[in-house]
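I have placed the structure first, in the form of structure tokens, so that the comments after it can refer back to it.
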Number of protein chains: 2
Amino acid sequence: MKTYSISELAAEFGITPRAIRFYEDEELIKPTRQGQSRIYSPRDRVRLALILRGKRVGFSLIEIKEMLDLYDINDGQVTQLAVTVRKFSERISLLERQRADIEHALEELRTARARIEVLLSEKDPHHKAEEPHGRLIGFSVNSGVHD
Amino acid sequence: MKTYSISELAAEFGITPRAIRFYEDEELIKPTRQGQSRIYSPRDRVRLALILRGKRVGFSLIEIKEMLDLYDINDGQVTQLAVTVRKFSERISLLERQRADIEHALEELRTARARIEVLLSEKDPHHKAEEPHGRLIGFSVNSGVHD
DNA sequence: ATGTGATTTGACGTTTACGTCAACGGAAGT
DNA sequence: ACTTCCGTTGACGTAAACGTCAAATCACAT
């Protein structure tokens with residue numbers, strides 16, 4: 001079974017060894033050792049990928065640990081199932097809202113960019129999207145208040 | 001034109017006055033004053049909403065400030081348009097990836113929850129999604145490694 | 001005049017997620 | 001044996017985004 005060194009994984013995921021050790025301190029991964037050096041299994045690598053994705057969607061390391069622990073419990077342990085379901089549900093609706101927020105933001109950014117590009121091509125029909133300087137005229141700020 | 005006090009807005013948005021003052025320190029909002037007290041306009045309120053949404057989608061306060069400034073520039077100022085377009089584009093692709101990550105996470109959470117609920121209803125057909133305790137069996141962790 | 005409540009300005013504390021040395025330890029090439 | 005690389009363990013530093021007092025002010029009701 002293939003293994004990885006800490007710097008291998010760090011390079012692959014674009015993070016520092018320090019970060020990976022930190023995740024270990026926080027008990028998100030427990031690589032084996034060969035002497036004093038850490039040895040990472042493919043499973044550790046997957047966990048690392050999950051950790052990073054968790055981070056990208058806004059989870060804290062503690063939350064990510066909880067979720068990874070939930071995955072681990074699969075090996076036949078007892079847990080508070082209903083509580084788990086509730087947590088998952090909460091998490092899901094949080095994510096759904098987050099996704100909605102992102103879609104709003106994307107929409108605004110896209111229209112803003114579009115208007116800017118119109119301005120650019122008006123001033124300079126040969127523009128290749130890389131010239132500097134210009135004048136910005138106006139995309140309003142009115143939406144955004146929910147609830 | 002209606003105005004708001006700091007605690008009014010704090011209550012409405014579920015944050016503390018301290019947070020709002022902090023945003024002012026960081027120059028994301030500039031309410032007027034009545035004596036020593038801060039007075040918030042509807043426009044300030046909208047900015048606050050935008051700030052909070054920005055936060056939810058993962059922007060830092062500095063980034064949010066930059067974007068709000070860009071919106072403000074609409075009043076006829078000069079800026080580096082092409083740079084702006086580039087920044088917007090970068091931001092857009094970041095958000096798109098984030099959205100994809102969220103959709104992955106949502107998928108996993110939903111299927112995990114579904115399996116748990118199946119287990120729950122097997123053990124207890126009368127379950128109303130609030131009972132405690134149980135046994136969890138297994139949803140695998142294999143996807144998630146992109147690039 | 002005095003108490004009550006909201007607000008303000010410091011100023012220091014806190015949490016999260018690492019960054020940044022420093023000093024040391026094996027392994028491997030020459 | 002010596003240097004050159006990783007890699008390891010502390011230990012301290014840091015940036016972001018507020019939290020948490022404390023002390024003072026001000027508007028108002030009693």
Side-chain angles (χ1 to χ4, degrees), chain A residues 2-41 44-45 47-69 91 94 98 101 105, chain B residues 2-41 44-45 47-69 91 94 98 101 105:
Chain A
K2 197 186 178 190
T3 63
Y4 310 84
S5 76
I6 193 167
S7 48
E8 259 177 318
L9 286 187
E12 177 178 356
F13 290 107
I15 59 182
T16 66
R18 171 69 176 106
I20 299 182
R21 289 193 201 101
F22 182 73
Y23 300 150
E24 186 177 348
D25 284 351
E26 304 296 307
E27 299 177 359
L28 281 88
I29 25 177
K30 299 180 201 287
T32 59
R33 298 287 181 125
Q34 204 169 81
Q36 78 171 347
S37 290
R38 292 171 174 82
I39 301 293
Y40 297 87
S41 71
D44 291 325
R45 181 168 159 278
R47 286 178 79 89
L48 195 48
L50 288 175
I51 291 170
L52 298 180
R53 195 170 76 196
K55 289 197 54 183
R56 284 196 302 274
V57 299
F59 291 98
S60 72
L61 291 187
I62 294 179
E63 291 171 326
I64 294 173
K65 173 179 163 48
E66 285 171 6
M67 301 179 66
L68 287 178
D69 287 350
R91 197 48 74 189
L94 252 180
Q98 207 174 328
D101 283 334
Chain B
K2 195 183 180 192
T3 63
Y4 310 84
S5 76
I6 193 167
S7 48
E8 259 178 319
L9 285 187
E12 177 178 356
F13 290 107
I15 59 182
T16 66
R18 172 68 176 104
I20 299 182
R21 289 193 201 100
F22 182 73
Y23 300 150
E24 186 177 349
D25 284 350
E26 303 297 307
E27 299 177 357
L28 281 87
I29 25 177
K30 298 181 202 285
T32 61
R33 297 290 181 122
Q34 203 168 81
Q36 77 170 347
S37 291
R38 292 170 173 82
I39 301 293
Y40 296 87
S41 71
D44 291 325
R45 183 168 158 277
R47 285 177 80 88
L48 195 48
L50 288 175
I51 292 169
L52 298 180
R53 194 170 78 196
K55 289 198 54 185
R56 284 197 302 274
V57 300
F59 291 98
S60 73
L61 290 187
I62 294 178
E63 291 170 327
I64 294 173
K65 174 179 163 48
E66 285 171 5
M67 301 179 64
L68 287 177
D69 287 350
R91 197 48 74 187
L94 253 178
Q98 207 175 328
D101 284 333

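Just so we're clear, the structure is a prediction, and the values are computed from it rather than from any experiment. The basis for the numbers below is simple: all heavy atoms, side chains too, and nothing from hydrogens, waters or symmetry mates. Residue numbers start from 1 in every chain, and the chains themselves are labelled A, B, ... in the order their sequence lines are given, proteins ahead of strands.
For the pair A:Pro17 and B:Ile20, nearest-nucleotide mapping onto DNA chain D gives the more 5' position to A:Pro17. Both A:Leu61 and B:Glu8 lie close to DNA chain C; mapped to their nearest nucleotides by heavy-atom distance, the more 5′-ward contact belongs to B:Glu8.
Smallest separation of non-hydrogen atoms from A:Ile29 and A:Asp44: CG2-O, 4.1 Å. The two residues A:Pro31 and A:Ile39 come nearest to each other via the heavy atoms CB-O, 3.3 Å. Taking every heavy atom of both residues into account, B:Glu27 and B:Lys65 meet most closely at O-NZ, 3.6 Å. Heavy-atom minimum distance, A:Leu61 versus A:Leu28: O-CD2, 3.7 Å.
At the phosphate of C:dT16, neither OP1 nor OP2 sits under 4.0 Å from any side-chain N or O atom of A:Lys55. Considering only side-chain N and O atoms, B:Tyr23 lies under 4.0 angstrom from the phosphate OP1 or OP2 of D:dC18. Regarding contacts with the backbone of C:dT7, every side-chain N or O of B:Arg38 stays at 4.0 angstrom or more from both OP1 and OP2.
Distance A:Leu9 CG to D:dC6 P: 16 Å, rounded to the nearest Å. To the nearest angstrom, P of C:dA17 lies 14 Å from CD1 of A:Ile29. Atoms CG (A:Asp25) and C1' (D:dA11) sit 12 Å apart, rounded to a whole Å. Between B:Arg18 atom CZ and C:dT8 atom P the separation is 12 Å, expressed in whole Å. The CZ-P distance, from B:Phe59 to D:dA15, rounds to 23 Å in whole Å. What separates CZ of A:Phe22 from C1' of C:dT16 is a distance of 7 Å, to the nearest Å. We find that NZ of A:Lys65 is positioned 16 Å from C1' of C:dA17, with the value rounded to whole Å. If you take CD1 of A:Ile39 and C1' of D:dC6, they are 12 Å apart, rounded to a whole angstrom.
Taking only side-chain atoms of A:Arg33, from C-beta outward, the nucleotide of C:dC18, D:dT8, D:dA17 with the closest atom is D:dT8. Among the nucleotides D:dA16, C:dT16, D:dC18, the one closest to any side-chain atom of A:Ile62 is C:dT16. The nucleotide whose nearest atom lies closest to any side-chain atom of A:Ser5 is, among D:dG7, C:dC18, D:dA17, D:dG7. When each of D:dT8, C:dC18, C:dA6 is scored by its nearest atom to the side-chain atoms of B:Ser7, the top-ranked nucleotide is C:dA6. When the nucleotides C:dT9, D:dG7, D:dT9 are ranked by their closest atom to the side chain of A:Ser37, D:dG7 comes out on top. Distances were taken from every side-chain heavy atom of B:Gln36 (C-beta onward) to each of D:dT25, C:dG25, C:dC18; the shortest belongs to D:dT25.
If you check every strand for non-hydrogen atoms under 4.0 Å, B:Arg21 touches a base. Looking at heavy-atom distances under 4.0 Å, A:Ile6 makes contact with sugar-phosphate atoms alone, never a base.
For the salt bridge (Lys or Arg N to Asp or Glu O under 4.0 Å) test with A:Glu24, the passing option among A:Arg38, A:Lys30, A:Arg47 is A:Arg38; the others fail.
In this structure, A:Ser7 contributes its side chain and A:Ala10 its backbone to no donor-acceptor pair below 3.5 Å.
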